[in-house]
There are 2 protein chains.
Amino acid sequence: MPVTKTEQANIRRNRQYEKRLNSILKAASTVIARDGYEGASVRRVAAKAGVGLSGIYYYFTNKDELLYAIQKNTFTTLVELLKERLSQLKKPEEKLRAVIENHIEFFVNNINDLKVCVHEIESLSGAYYKEVLQIRREYFRLVKDVVSENLSKGQKLDPALVSLYLFGSLNWIYMWYNPQINSDVTVLTDNLMTIFTKGIKAT
Amino acid sequence: MPVTKTEQANIRRNRQYEKRLNSILKAASTVIARDGYEGASVRRVAAKAGVGLSGIYYYFTNKDELLYAIQKNTFTTLVELLKERLSQLKKPEEKLRAVIENHIEFFVNNINDLKVCVHEIESLSGAYYKEVLQIRREYFRLVKDVVSENLSKGQKLDPALVSLYLFGSLNWIYMWYNPQINSDVTVLTDNLMTIFTKGIKAT
DNA sequence: AAATAAATCGAACGTTCGTTCTAATATCGG
DNA sequence: CCGATATTAGAACGAACGTTCGATTTATTT
């Protein structure tokens, strides 16, 4: 488990420090979402954040840690929000709707972050990659269990595979989603809810 | 419409020339699929192809043209194969199966190419991007029409959106597909066929 | 107000990148 | 076998990259 400057900051109590750190992370999300991780230069991130080049290295030890911080924060929040929702629900169908709605709503409010999480999933390596992988696995397990509850018994469908198909539909959204055209997010939720509930029921 | 060295080659009749060109393209697919387009260096592509660095520039004018050639070849073949399949089918359901089967089968046989097409869709720009976009649009239209035929009348679902959900499930496969585990491709086809046919039927 | 710590800046480092150019080699028709 | 053409090899270019470092400014504490 790598000790990052981000985590060291949790010890500190300085308010300004976290403000700047978050503004850098937001700038990094924007630039990486646009140029890709390899294509995004630390210089452009710094410019977008209104900081000097070396200013970045006061808050992060290297470029990888920038991506790591974005992915860890985003996935952690996504998981926490989903857990919160699921804890208040009983019916399998309501839970599935919560999964879909949570993912889509979070996506719309954090387009850049989620794009960076989906598109740059393999851009990290080593300890950084492993730690993000753990959170992703937790998220996947949550979704898979909900899918399992919705699968009719004696069904041939593998819940893990169905979950992957669902993730595909959800994670592909950033490729075509346009806030001005697809403004009504509930339509997307309803659509996927319809397709996957009816689609996985026994005939 | 950009005139590429690839296209000039079509005029030439030298057999060795095309052999080398294709071996470079294959090497490029492998490297770009592994490192991403920005992360892939022309030097590594050259090394993988067993050619000197400047050898690449004898066959391609620049790095972008490498990506362009891969995407154009791949999408064109994908579209041609689908057209061929669809022309022999009448029933909407059979056509939808052909769409799914064609995409998955082609994917399994050309993992690197398809990964480069899906993951590096936004890495091109200008004329190169536009021309690939045209073929992608053609592919999308083919799929959308088949989806439309399978949608019950008086259905609320937008065929374009349903097609995008399907593309999501299909294009996400490269993130988890393992030839040793998911060797039986027909399972994936059957799964998606089941989910999407039942999922979009009127209740 | 002085002393200490936190935060920012600007310049510089070595490396790698995409691309170019010239010289050398291989191929092939006459 | 020669001359022209097609192909390869190697060195070099400027630009951009990630990262470092010492000096400088700002903020906090005594």
Let me have a per-nucleotide readout for nucleotides 17-22 of chain C, 5' to 3', with B, S or -, counting only protein heavy atoms under 4.0 Å.
BBBBB-
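Between A/Y59 atom OH and C/dT8 atom C1' there is a gap of 9 Å when expressed in whole angstrom units. The nearest whole Å value for the distance from the OH atom in A/Y58 to the P atom in D/dT26 is 15 Å. Taking atom CG of residue A/L21 and atom P of nucleotide C/dA7, one finds them 11 Å apart after rounding to whole Å. Protein atom CZ of A/F60 is 15 Å distant from nucleotide atom C1' of C/dA7, rounded to whole Å. Taking atom CZ of residue A/R20 and atom P of nucleotide C/dT8, one finds them 5 Å apart after rounding to whole Å. In this entry the distance linking CG of B/D35 with C1' of C/dT16 reads 14 Å, nearest Å.
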Return all side-chain donor-acceptor pairs below 3.5 angstrom for residues 89-101 of chain A, not counting sequence neighbours, or 'none' if the list is empty.
unit_1: A/K95; atom_1: NZ; unit_2: A/E149; atom_2: OE2; d: 3.4
unit_1: A/R97; atom_1: NH1; unit_2: A/D190; atom_2: OD1; d: 3.0
unit_1: A/R97; atom_1: NH2; unit_2: A/D190; atom_2: OD1; d: 3.2
unit_1: A/E101; atom_1: OE1; unit_2: A/R85; atom_2: NH1; d: 2.9

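In summary, the side chains of B/D64 and B/Y37 do present a donor paired with an acceptor at a separation below 3.5 Å, with no hydrogens or angles considered. In this structure, a donor-acceptor pair under 3.5 Å is absent between the side chains of B/E122 and B/Y129.
Remark: the backbone N or O of B/F60 is not paired with any side-chain donor or acceptor of B/E65 at under 3.5 angstrom.
Taking each heavy atom of B/I135 and B/F75 in turn, the nearest pair found is CG2-CB, 3.8 Å.
Salt-bridge check for B/E138 with B/K83: passed, with a basic side-chain N closer than 4.0 Å to an acidic carboxylate O.
Under the 6.0 Å distance and 45° angle rule, A/K115 does not count as a cation-pi partner of A/Y177.
Note that the two end axes of the helix from C/dA1-D/dT30 to C/dC28-D/dG3 enclose an angle of 10°, each drawn from 5 base pairs, rounded to 10 degrees.
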Determine, stepwise, if the pair B/N171 / B/H103 fulfils side-chain hydrogen bond (donor to acceptor under 3.5 Å, both in side chains).
CA-CA 9 Å; B/N171 289 335; B/H103 197 99; 3.1 Å; yes
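Nucleic acid contact class of B/G52 (heavy atoms, under 4.0 Å, all strands): sugar-phosphate only.
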